[in-house]
Amino acid sequence: DFSAINLEHLLDPNGDKAVSHREFAKFLPQFHIKVPPWQAAALYETMANMVDQDPINLDNTILCLALVSQDPPKAADDPCADVAEAIGQKILAGSGTTLANIFRSWDQDKSGFLSLAELNSGLQTLSLSHSFSDAEVSACMTKIDSLGKEDQRISIFEFIRALAPRHVTLELQRSMIREVLKRVWVCRPTLLSALGAKDPEATNKVDWDAFHDCVREVNDAIHDMGLPVLTPTQIQVVCEIAAAGREDVKYNEFVHGLHVEDTWSSGGAPVTGPMSLAGSSCSAWLVKLAGFLPC
């Protein structure tokens, strides 16, 4: 649980509303993330490419960190997600500003958090009653508080995670996890064989849980090849990318749509080069960020 004020001071100590490479590298050890400078640089460059900024402005840095450091939930398990995303889209369409800036404007006591009363007051300014019931807005408030530490106050990360468009989260996480997708691509025969067993009628469709089981079989093959295995978080992200917000996975579309650059040698060992190093660092960062960054 971390105040937006403290977070912004650590990311942007000179107050220029931009986060430089050096400021970003100095920020990470504040959360016990100790890595070589080149790894921090690789993550920063990936984020900069995603938002097309260098240096990255403060609000986009907060957006990227909030979204890439969360475990993507299954859409089917979260009935409030559509309401929260629709509210976020209404905020962005009506204000012409960022979610981080909206958070600041709703933080009336300047504590760096939103109380549930401040959140409710802010939502009321959007005239949501025409689109959403009181129960839906209340459920959205509960969801926002649940995306971190449930303590009746909302951090800026919780706020952004709940309201940001889902496609932005998926695109950011896809970029961060490209090296993981390369490992899945290398083992695609194993994946397709496992999927065929789950789909004996060849419908090209399996449910999310079945696809998850198949990716775990791929992980066994990755281990047998002597490559770094996927972590539980990485497996979940792969499944979420494949499902694209649906309850089932059209697996041929996923496999054929990977379009990853094969940087593996014929013997199965990764080819050391700028692409593979950058991808490896970014996929590792996805896990490190999820474990250490503030809620």
Side-chain angles (χ1 to χ4, degrees), residues 66-82 84-85 143 146-148 161-162 164-260 262 264 268 270 279-280 282-293:
L67 297 185
V68 303
S69 61
Q70 66 172 331
D71 291 343
K74 294 184 189 179
D77 292 344
D78 197 348
C80 300
D82 290 342
E85 182 175 352
K143 172 176 174 55
S146 73
L147 292 176
R161 287 168 180 166
R166 187 176 184 83
H167 72 87
V168 175
T169 303
L170 292 176
E171 187 61 30
L172 278 166
Q173 293 188 336
R174 183 188 294 271
S175 178
M176 293 294 185
I177 205 167
R178 62 179 180 174
E179 187 71 14
V180 171
L181 294 178
K182 286 179 185 177
R183 277 177 262 164
V184 175
W185 173 254
V186 168
C187 294
R188 62 192 180 279
T190 299
L191 176 61
L192 290 172
S193 175
L195 287 165
K198 295 283 187 181
D199 181 26
E201 297 183 5
T203 64
N204 183 34
K205 185 185 296 184
V206 295
D207 63 33
W208 197 99
D209 289 326
F211 188 83
H212 185 272
D213 290 342
C214 294
V215 176
R216 291 180 65 182
E217 289 189 40
V218 167
N219 216 20
D220 292 338
I222 290 172
H223 176 270
D224 291 343
M225 293 174 67
L227 303 175
V229 297
L230 307 182
T231 68
T233 297
Q234 290 170 337
I235 291 174
Q236 188 172 355
V237 172
V238 169
C239 294
E240 184 65 17
I241 289 171
R246 300 185 299 262
E247 294 184 22
D248 51 34
V249 177
K250 294 181 179 179
Y251 53 84
N252 278 336
E253 291 181 12
F254 169 72
V255 174
H256 294 153
L258 282 174
H259 296 302
V260 295
D262 190 353
W264 302 86
S280 178
C282 288
S283 62
W285 273 112
L286 185 60
V287 181
K288 289 186 178 181
L289 286 169
F292 289 108
L293 282 178

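Only a predicted model underlies this, so the values are computations on that prediction, with no experimental measurement involved. Heavy atoms only: backbone and side chains are in, while hydrogens, waters and symmetry mates are out.
Inter-residue side-chain proximity for Phe211 and Asp207 is flagged as unmet; no heavy-atom pair is nearer than 4.5 Å. Counting heavy atoms from C-beta outward, Leu230 and Val184 have side chains that approach closer than 4.5 Å.
A donor-acceptor contact shorter than 3.5 Å is absent between the side chain of Asn219 and the backbone of Val229. Between the Arg183 side chain and the Pro228 main chain, a donor and an acceptor come within less than 3.5 Å of each other. Between the side chain of His256 and the main chain of Asn252, a donor-acceptor pair closer than 3.5 Å is present. Judged by distance alone, with hydrogens and angles left aside, the side-chain atoms of Arg161 form no donor-acceptor pair with the main-chain N or O of Leu67 at under 3.5 Å. Within the 3.5 Å criterion, the main-chain N or O of Asp213 finds no donor-acceptor partner in the side chain of Arg216.
Here the CG atom belonging to Leu191 is positioned 9.0 Å from the CD atom belonging to Glu217, to the nearest 0.5 angstrom. Remark: Asp248 CG to Asp209 CG distance equals 11.5 Å, nearest 0.5 Å. Atoms OG1 and NZ, on Thr203 and Lys250 in that order, are 10.5 Å from each other to the nearest 0.5 Å. To the nearest 0.5 Å, atoms CD (Glu85) and OG1 (Thr169) are separated by 8.0 Å. The CG atom of Asp220 sits 9.5 Å away from atom OG1 of Thr190, with the distance rounded to the nearest 0.5 Å. Annotation: the span from Thr231 atom OG1 to Gln236 atom CD amounts to 10.0 Å, rounded to 0.5 Å.
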Walk me through whether Met225 and Val186 qualify under side chain to side chain contact (heavy atoms under 4.5 Å, CB included). CA-CA 10 Å; Met225 293 174 67; Val186 168; 3.4 Å; yes
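Contact record, Cys214 with Lys198: SG-CG, 3.6 Å, taken as the closest heavy-atom pair. Across all non-hydrogen atoms, the minimal contact from Phe254 to Val238 is CZ-CG1, 4.0 Å.
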